[in-house]
Amino acid sequence: MKKSLLAAAALLATVAATETKAQGIRLGLKGGANLSNLSGDLTNKDGYDNKVGFHGGLMLNVGLIDDGFLSLQPEVLYSQKGYKYDSGQTFGLYKREGDVTYNYIDVPVLLKVKAGNLFFEAGPQYSYLLKVKDESTGSLNGTVVGRTEAERDLKNVNRNEFGYVAGLGLQTDMGLMLGLRYNGALTDFAKNKSYNNGELTNARNQVFQLSLGYLLPGR
C-alpha cells in the first residue's frame, strides 16, 4: 500500500513532465498547518481537544476550460491528524494528558472553480493511515509521575479512510495560493470496541487546513 501511494506521488510529476505541450496542466507544491480533532458519537467529548499538525505535498492542476475557470486538481499529501486528551481518575488526584498523532497520506481529487483571484474547491478524498503515535504524561496531585511515548497497534483501526474536502482561497496570476479547507471523514476510525477501550468506536477524523502553495508555470 505504501508503495502504491508513493507511486501516486510520482505519477503527478510524470504526468506533468510528459504533458509539457498541453495547455493548462501545472504541477505545484503546497504545505501548511492542520487543526484536527475527532467528530462523531464520542463517549467523552469533553476529554478531546484540538491538535495542531502540518501537511505538505504535490498537486497537479488540469484545466478543463481554456480560461482557467474550471479545473481538476488531484493531490498527494502527507498529513498529521489526531487530538489531545485530558482524563482524570481517582477522585481527580490522578490526571493523564496526552497527544495522539495520526500520520496519513491523503489523496484528494478536487473540482476547482476560479473566479478572478478567488477559488472554490470540493471533492472526495482517500486517506491511508501510516502510523499512530501516543505521547502521554501522568501526574498525581500536580506532580508528574510518568511519561510514555509509543506507537499504537493498528490491527483494530481502519487504515483505509474515505472522506470529502471543501475549501476556498486566493490564487494570483503567478500561481501563488493561500487556501482554507475542511476535511471530513466518512469512515469510522476504529474497527471495533477493542481499540481504546471502545471510546472511539464511532469516531471520525475532522481537519481544518490552512495552506500556502505554488503552481509552476504551464507550457
Side-chain angles (χ1 to χ4, degrees), residues 30-57 75 77-106 108 125-169 178-212:
K30 70 181 305 183
N34 287 353
L35 184 65
S36 62
N37 205 336
L38 297 175
S39 64
D41 186 15
L42 302 176
T43 302
N44 178 25
K45 289 187 177 182
D46 294 337
Y48 299 95
D49 295 319
N50 295 329
K51 169 186 169 58
V52 176
F54 69 90
H55 66 274
E75 302 175 357
L77 305 172
Y78 172 82
S79 185
Q80 286 187 330
K81 309 175 188 180
Y83 58 91
K84 291 186 177 182
Y85 61 88
D86 185 342
S87 61
Q89 302 174 9
T90 318
F91 305 105
L93 295 177
Y94 179 76
K95 188 175 184 180
R96 185 166 175 262
E97 299 174 287
D99 188 320
V100 177
T101 302
Y102 301 155
N103 296 281
Y104 277 93
I105 295 294
D106 287 342
Q125 176 172 278
Y126 166 75
S127 301
Y128 182 74
L129 179 62
L130 299 174
K131 67 177 181 178
V132 177
K133 185 178 180 181
D134 187 353
E135 300 174 83
S136 65
T137 300
S139 59
L140 183 61
N141 200 25
T143 301
V144 175
V145 294
R147 288 189 175 92
T148 61
E149 181 177 328
E151 289 189 18
R152 289 193 178 182
D153 192 344
L154 301 179
K155 66 180 181 181
N156 291 314
V157 302
N158 291 307
R159 300 186 70 176
N160 296 287
E161 178 184 282
F162 295 92
Y164 58 92
V165 174
L168 52 80
L178 175 64
L180 177 66
R181 66 172 57 162
Y182 175 79
N183 296 356
L186 300 174
T187 306
D188 290 341
F189 182 76
K191 287 182 179 179
N192 50 54
K193 293 183 179 180
S194 298
Y195 185 80
N196 208 55
N197 299 319
E199 290 187 11
L200 304 183
T201 303
N202 299 310
R204 295 180 293 277
N205 286 306
Q206 63 173 359
V207 186
F208 288 94
Q209 292 183 326
L210 182 64
S211 305
L212 284 173

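Basis for what follows: all heavy atoms, side chains included, without hydrogens, waters or symmetry-related copies.
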For residues Leu130 and Leu154, report the shortest heavy-atom separation together with the two atoms involved.
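Residues Leu130 and Leu154, closest heavy atoms: O-CD1, 3.7 Å.
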Might you point out which heavy atoms bring Gln125 and Val165 nearest each other, and give the distance in Å?
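Closest approach of Gln125 to Val165: OE1-CG2, 3.4 Å.
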Can you confirm whether [X] sits close enough to [Y] that some side-chain heavy atom of one is under 4.5 Å from a side-chain heavy atom of the other?
X      : Y      : result
Asn160 : Tyr128 : yes
Val52  : Leu35  : yes
Tyr102 : Leu38  : yes

Which distance, rounded to the nearest 0.5 Å, do you find between the [atom1] of [X] and the [atom2] of [Y]?
X      : Y      : atom1 : atom2 : value
Arg204 : Asn183 : CZ    : CG    : 14.5 Å
Thr187 : Phe162 : OG1   : CZ    : 6.5 Å
Leu186 : Glu161 : CG    : CD    : 8.5 Å

Distance alone, cut at 3.5 Å: any donor-acceptor contact between the side chains of Asn205 and Ser36?
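Per modelled atom types, Asn205 and Ser36 side chains form no pair under 3.5 Å.
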Return the orientation label for the Tyr83 and Tyr48 ring planes: parallel under 30°, perpendicular over 60°, tilted otherwise.
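Tyr83 vs Tyr48 ring planes: perpendicular.
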Evaluate Leu77 against Ile105 for side chain to side chain contact (heavy atoms under 4.5 Å, CB included), listing each step before the verdict.
CA-CA 6 Å; Leu77 305 172; Ile105 295 294; over 6 Å; no
With sequence neighbours left out, write down each residue that passes side chain to side chain donor-acceptor pair (under 3.5 Å) with [X], or none if nothing qualifies.
X      : result
Lys51  : Asp99, Thr101
Asn158 : none
Tyr164 : none
Asn50  : Asn37

Can you name the ring pair (Phe, Tyr, Trp, His ring centres under 6.0 Å) partners of Tyr182, sequence neighbours left out?
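Scan of Tyr182 (ring pair (Phe, Tyr, Trp, His ring centres under 6.0 Å), adjacent residues dropped) gives Phe208.
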Excluding sequence neighbours, so at least two apart, what forms ring pair (Phe, Tyr, Trp, His ring centres under 6.0 Å) with Tyr104?
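So Tyr104 forms no ring pair (Phe, Tyr, Trp, His ring centres under 6.0 Å) with any residue.
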I'd like to know whether Lys81 forms a side chain to side chain contact (heavy atoms under 4.5 Å, CB included) with Asp106, so could you lay out the CA-CA distance, the side-chain angles of the two residues, the decisive distance to 0.1 Å, and finally the verdict.
CA-CA 11 Å; Lys81 309 175 188 180; Asp106 287 342; 3.1 Å; yes
Carefully, step by step, assess Leu180 and Gln209 under the rule side chain to side chain contact (heavy atoms under 4.5 Å, CB included).
CA-CA 6 Å; Leu180 177 66; Gln209 292 183 326; over 6 Å; no
Counting only N and O atoms by type, is there a donor-acceptor contact under 3.5 Å from the side chain of Arg159 to the main-chain atoms of Leu129?
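Pair found, side chain donor or acceptor close to backbone of Leu129.
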With sequence neighbours left out, write down each residue that passes salt bridge (Lys or Arg N to Asp or Glu O under 4.0 Å) with Lys30, or none if nothing qualifies.
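Testing Lys30 for salt bridge (Lys or Arg N to Asp or Glu O under 4.0 Å), a comparison that skips the adjacent residues, returns Glu75.
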Any chance you could lay out the side chain to side chain contact (heavy atoms under 4.5 Å, CB included) test for His55 and Ser211, step after step, and finish with the verdict?
CA-CA 8 Å; His55 66 274; Ser211 305; 2.6 Å; yes
